Structures are given as C-alpha cells and as structure tokens.
Amino acid sequence: MALDAIGDVLGGALRLLGRVLFEGVVELLLHGTGWVLLKPFYGKKEPGEALCALVGLAAWTAFAAAAFFAYRYLHPPG
C-alpha cells in the first residue's frame with residue numbers, strides 16, 4: 001500500500017514536470033518566435049496567440065528544413 005502511494009506521488013510529479021517542460025517549449029519556442037516575427041507587422045497592436053504559435057511552428061519547420069538541406073549540400077552522400 002505504501003508503495004502504491006509513492007508510485008502515485010512520483011507519477012503525478014513526473015506528469016507535472018513533463019507538462020511544465022512541454023508548456024515552456026511551446027510557449028517559448030513556438031509562441032515567442034512567432035511573436036518576434038509578427039510584431040513588426042502589427043505595430044502597437046498585439047498579434048493573436050494562435051497566429052503566433054502557427055507562425056512559430058512554420059518558422060521552426062523552415063529552419064529545420066534549411067538545416068537539413070544545408071547539411072546535405074555540404075556533405076553529399078557517397
């Protein structure tokens with residue numbers, strides 16, 4: 001019984017830690033990048049959160065694709 005309680009507490013703590021890390025990554029990397037890219041176009045108005053996340057996701061996808069193709073260009077197979 002005591003082991004079940006310890007397992008429940010440990011499972012809850014790990015779930016909380018995972019949630020905090022996930023939220024931090026999404027908030028900082030996706031939303032933050034989108035906000036930085038959209039802010040010059042919005043002036044004094046704040047861009048929407050969903051649009052920031054979508055633009056951030058598109059930007060990180062483009063960064064990853066550019067890095068992949070740069071690597072393939074600099075290190076050709078064979």
Side-chain angles (χ1 to χ4, degrees):
M1 247 179 139
L3 291 178
D4 290 338
I6 292 172
D8 288 342
V9 169
L10 189 59
L14 290 176
R15 201 171 322 121
L16 177 65
L17 180 64
R19 174 92 179 178
V20 168
L21 289 175
F22 177 77
E23 290 290 329
V25 167
V26 168
E27 184 70 26
L28 181 65
L29 290 182
L30 296 184
H31 185 265
T33 303
W35 186 86
V36 167
L37 292 174
L38 288 174
K39 186 61 177 166
F41 300 108
Y42 276 78
K44 293 184 180 182
K45 249 176 75 175
E46 288 293 320
E49 289 189 26
L51 183 60
C52 284
L54 185 63
V55 169
L57 179 64
W60 281 106
T61 303
F63 295 156
F68 173 75
F69 288 120
Y71 177 80
R72 292 285 300 205
Y73 178 75
L74 294 174
H75 302 288

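This is a predicted model, so every value here is computed, not measured.
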Residues passing the salt bridge (Lys or Arg N to Asp or Glu O under 4.0 Å) test with R15, sequence neighbours excluded, are none
Does L30 belong to the same Ile/Leu/Val/Met/Phe/Trp/Tyr cluster as V25, with side-chain heavy atoms less than 4.5 Å apart forming each link?
yes
Under 3.5 Å, side-chain donor or acceptor atoms of residues 38-67 against the rest of the protein: list the pairs with distances, not counting sequence neighbours.
{"residue": "K39", "atom": "NZ", "partner": "G43", "partner atom": "O", "Å": "3.0"}
{"residue": "K39", "atom": "NZ", "partner": "K45", "partner atom": "O", "Å": "3.4"}
{"residue": "K39", "atom": "NZ", "partner": "E46", "partner atom": "OE2", "Å": "3.2"}
{"residue": "E46", "atom": "OE1", "partner": "W35", "partner atom": "NE1", "Å": "2.9"}
{"residue": "W60", "atom": "NE1", "partner": "L29", "partner atom": "O", "Å": "3.0"}
{"residue": "W60", "atom": "NE1", "partner": "T33", "partner atom": "OG1", "Å": "2.9"}
{"residue": "T61", "atom": "OG1", "partner": "L57", "partner atom": "O", "Å": "2.8"}

